[in-house]
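Along the sequence shown, residues are numbered consecutively beginning with 1.
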Amino acid sequence: MHARAVAASTTTLLGTAALLLPLSPARAAESSAPPLVIAHRGASAYAPENTLAAVDRAAELGADWVENDVQRTRDGELVVLHDDSLQRTTDAEQVFPDRAPWKVKDFTAAEIARLDAGSWFDPAYAGARVPTLEQYVRRVELHGQKLLLEIKNPQLYPGIEGEIIKVLGNEGWLDRGHVGQRLVVQSFSADSVRTVHDLRPAVKTGFLGTPPVSDLPAYAAFTDQINPSYGSLSSGYVAAVHAFKGPHGKPLEVCTWTVNDAAAARRVAGYGVDGIITNTPDVVRDAVGG
């Protein structure tokens, strides 16, 4: 996820909403539990982001949840990469010097498979590859982890939601156990989140952003989580989100990003968030007890 400007309601509105929409007894009882710790692009402070090595490192650090980003190649393969360009996190510029600006959508899966996705981070990771979605979920499954899957840049890849659902189904990730406890699909695009919900209503979904409180009833029709940047959060906003029930009849959740230090982790935990997305899952876990 990129930190970016997101819509936020005013302080007055948040305060009013918190008064009008108090926590339910069940939510109040749950609020003492520490938030989930979610390894952002894997344990990306310690291994190259969105690689299998980052999944492995997250497992070594005891992170039950990992987050990733999914895009589509020119020939229709789903790959795990954050940027819409290969330039920052691979050696595409060296391998394909005449292919600027090295957009993911302009390369085949076989071409991307040739790229080094680790050396930019540390020479120790030279030769790490951009994983396909299949490779990624198999590694997550190997460790018994849970997946927060972000659909990245869906406007560039019409129909990607259905393709992701198909891969997840083929890999056994749409059974009751995975859908019930181990999978969330999120996006900055409300349309993309709504599409996932329409295609597979059982799948838990999340919207990345900070919608005004007045818009939350509309979001609650198709998303289970509202996942804002931590700089946009307040305890009033978290309480307002929690007061609404999502499409599965449970209170909306809040997972915030990207929190990498202990002080910020303790602060957002104090707001009552349900999850903290972090590059440093060990630091956050130690800070909040998750």
task: Looking only at non-hydrogen atoms, find the nearest pair between Ala109 and Asp75 and report the distance.
output: N-OD1, 3.0 Å
message: Testing the basics here: between Thr73 and Thr108, what is the closest heavy-atom pair and its distance to 0.1 Å?
response: CB-C, 4.1 Å
query: Checking side-chain contact (heavy atoms from CB on, under 4.5 Å) for the pair Glu111/Arg99: CA distance, chi angles, key distance, verdict?
result: CA-CA 12 Å; Glu111 288 171 334; Arg99 301 276 294 277; 3.2 Å; yes
- prompt: Side-chain contact, heavy-atom cut-off 4.5 Å: Val95 with Leu115?
  reply: yes
- prompt: Backbone N or O of Trp65 within a donor-acceptor pair of the Gln145 side chain at under 3.5 Å?
  reply: no
message: Is there a path of hydrophobic side-chain contacts, each under 4.5 Å between heavy atoms of I/L/V/M/F/W/Y residues, joining Leu156 to Leu78?
response: yes
task: Using atom types as modelled and distance alone, determine if a side-chain donor or acceptor of Arg72 lies under 3.5 Å from a backbone N or O of Val79.
output: no
task: Please check if the side chain of Asp64 supplies one atom and the backbone of Lys146 the other of a donor-acceptor pair under 3.5 Å.
output: no
message: Whether Asp191 and Arg194 form a salt bridge (side-chain N of Lys/Arg under 4.0 Å from carboxylate O of Asp/Glu) is what I want to check.
response: yes
- request: Report yes or no: do His197 and Asp224 form a side-chain donor-acceptor pair below 3.5 Å?
  value: no
field: Worked check of side chain to side chain donor-acceptor pair (under 3.5 Å) between Asp83 and Ser85
entry: CA-CA 5 Å; Asp83 300 1; Ser85 171; over 6 Å; no
message: Rounded at 0.5 Å granularity, tell me how far CD in Gln186 sits from CD in Gln225.
response: 7.0 Å
message: Check for me, please, whether Ile226 and Tyr271 land in the same ILVMFWY cluster - side-chain distances under 4.5 Å, paths through other members count.
response: yes
- prompt: Is the closest side-chain heavy-atom distance between Leu174 and Leu183 below 4.5 Å?
  reply: yes
task: Hey, could you give me the OG1/CD1 distance between Thr195 and Ile164, rounded to the nearest 0.5 Å?
output: 11.0 Å
field: Test log, rule side chain to side chain donor-acceptor pair (under 3.5 Å), inputs Asp274 and His242
entry: CA-CA 10 Å; Asp274 302 278; His242 283 163; 2.8 Å; yes
message: Could you measure the distance from the NE2 atom of His82 to the CG atom of Asn50? Nearest 0.5 Å is fine.
response: 8.0 Å
Verdict with supporting geometry, Tyr157 and Lys152, side-chain contact (heavy atoms from CB on, under 4.5 Å): CA-CA 9 Å; Tyr157 313 111; Lys152 182 62 65 176; 5.9 Å; no
message: Within the 4.5 Å heavy-atom criterion, are Leu147 and Val66 side-chain neighbours or not?
response: yes
field: Reported OH-to-OG1 distance for the pair Tyr230 and Thr256, which is rounded to 0.5 angstrom
entry: 9.0 Å
Lys105/Asp84 ion pair, N-O < 4.0 Å: no
Reported OG1-to-CG distance for the pair Thr89 and Leu81, which is rounded to 0.5 angstrom: 4.5 Å
- line: Interatomic distance, NZ@Lys250 vs NZ@Lys204, rounded to 0.5 Å, equals 7.0 Å
query: With no hydrogens and no angle check, is any side-chain donor or acceptor of Asn260 less than 3.5 Å from a backbone partner on Asn279?
result: yes
Validation row: Ile38, Cys255 side chains within 4.5 angstrom (heavy atoms): yes
task: Determine, stepwise, if the pair Glu77 / Glu134 fulfils side-chain contact (heavy atoms from CB on, under 4.5 Å).
output: CA-CA 10 Å; Glu77 184 74 69; Glu134 289 95 336; 3.3 Å; yes
Check: Phe107 ring centroid to Phe96 ring centroid under 6.0 Å: yes
Joint cluster assignment, Leu36 & Trp257, ILVMFWY side-chain distance < 4.5 Å: yes
- prompt: Would you say Leu86 and Leu133 are hydrophobically clustered, going by side-chain heavy atoms of ILVMFWY under 4.5 Å?
  reply: yes
query: Should Glu49 and Arg88 count as side-chain neighbours, where that means a heavy-atom distance under 4.5 Å?
result: yes
field: Lys/Arg-Asp/Glu bridge criterion (N-O < 4.0 Å) met for Arg57, Glu60
entry: yes
Any donor-acceptor pair under 3.5 Å from Asp116 side chain to Gly127 backbone: yes
message: Are more than 12 heavy atoms, taken from residues, nucleotides or ligands other than Gln181, located less than 6.0 Å from that residue's CD atom?
response: no
- request: Could you check if a side-chain atom of Pro154 sits within less than 4.5 angstrom of a side-chain atom of Glu161, using non-hydrogen atoms only?
  value: yes
- prompt: Considering all heavy atoms of both residues, which atom of Thr223 and which atom of Leu252 are nearest to each other, and what is their separation?
  reply: O-CD2, 3.1 Å
query: When you measure from the side chain of Ser187 to the backbone N and O of Ile151, does any donor-acceptor pair fall under 3.5 Å?
result: yes
message: When you measure from the side chain of Thr51 to the backbone of Pro48, do you find a donor-acceptor pair of N or O atoms at a distance under 3.5 Å?
response: yes
message: Quick check: do Pro211 and Tyr237 have side-chain heavy atoms less than 4.5 Å from each other?
response: yes
query: Do Trp173 and Tyr136 have their ring centres less than 6.0 Å from each other?
result: no
message: With a 4.5 Å cut-off on side-chain heavy-atom distances among I, L, V, M, F, W and Y, is there a chain of contacts connecting Leu52 to Leu149?
response: yes
- request: Locate the shortest heavy-atom distance separating Glu141 from His178; write the atom from each residue and the value.
  value: OE1-NE2, 2.7 Å
- request: Applying side-chain contact (heavy atoms from CB on, under 4.5 Å), run through Gln87 and Trp120 and close with a yes or a no.
  value: CA-CA 10 Å; Gln87 187 175 16; Trp120 69 273; over 6 Å; no
message: Tell me the closest heavy-atom pair linking His248 and Ala202, and the distance in Å.
response: NE2-O, 3.5 Å
query: Are the side chain of Asp122 and the backbone N or O of Tyr125 linked by a donor-acceptor pair below 3.5 Å?
result: no
query: Shortest non-hydrogen contact from Leu61 to Ala43?
result: CD1-CB, 4.0 Å
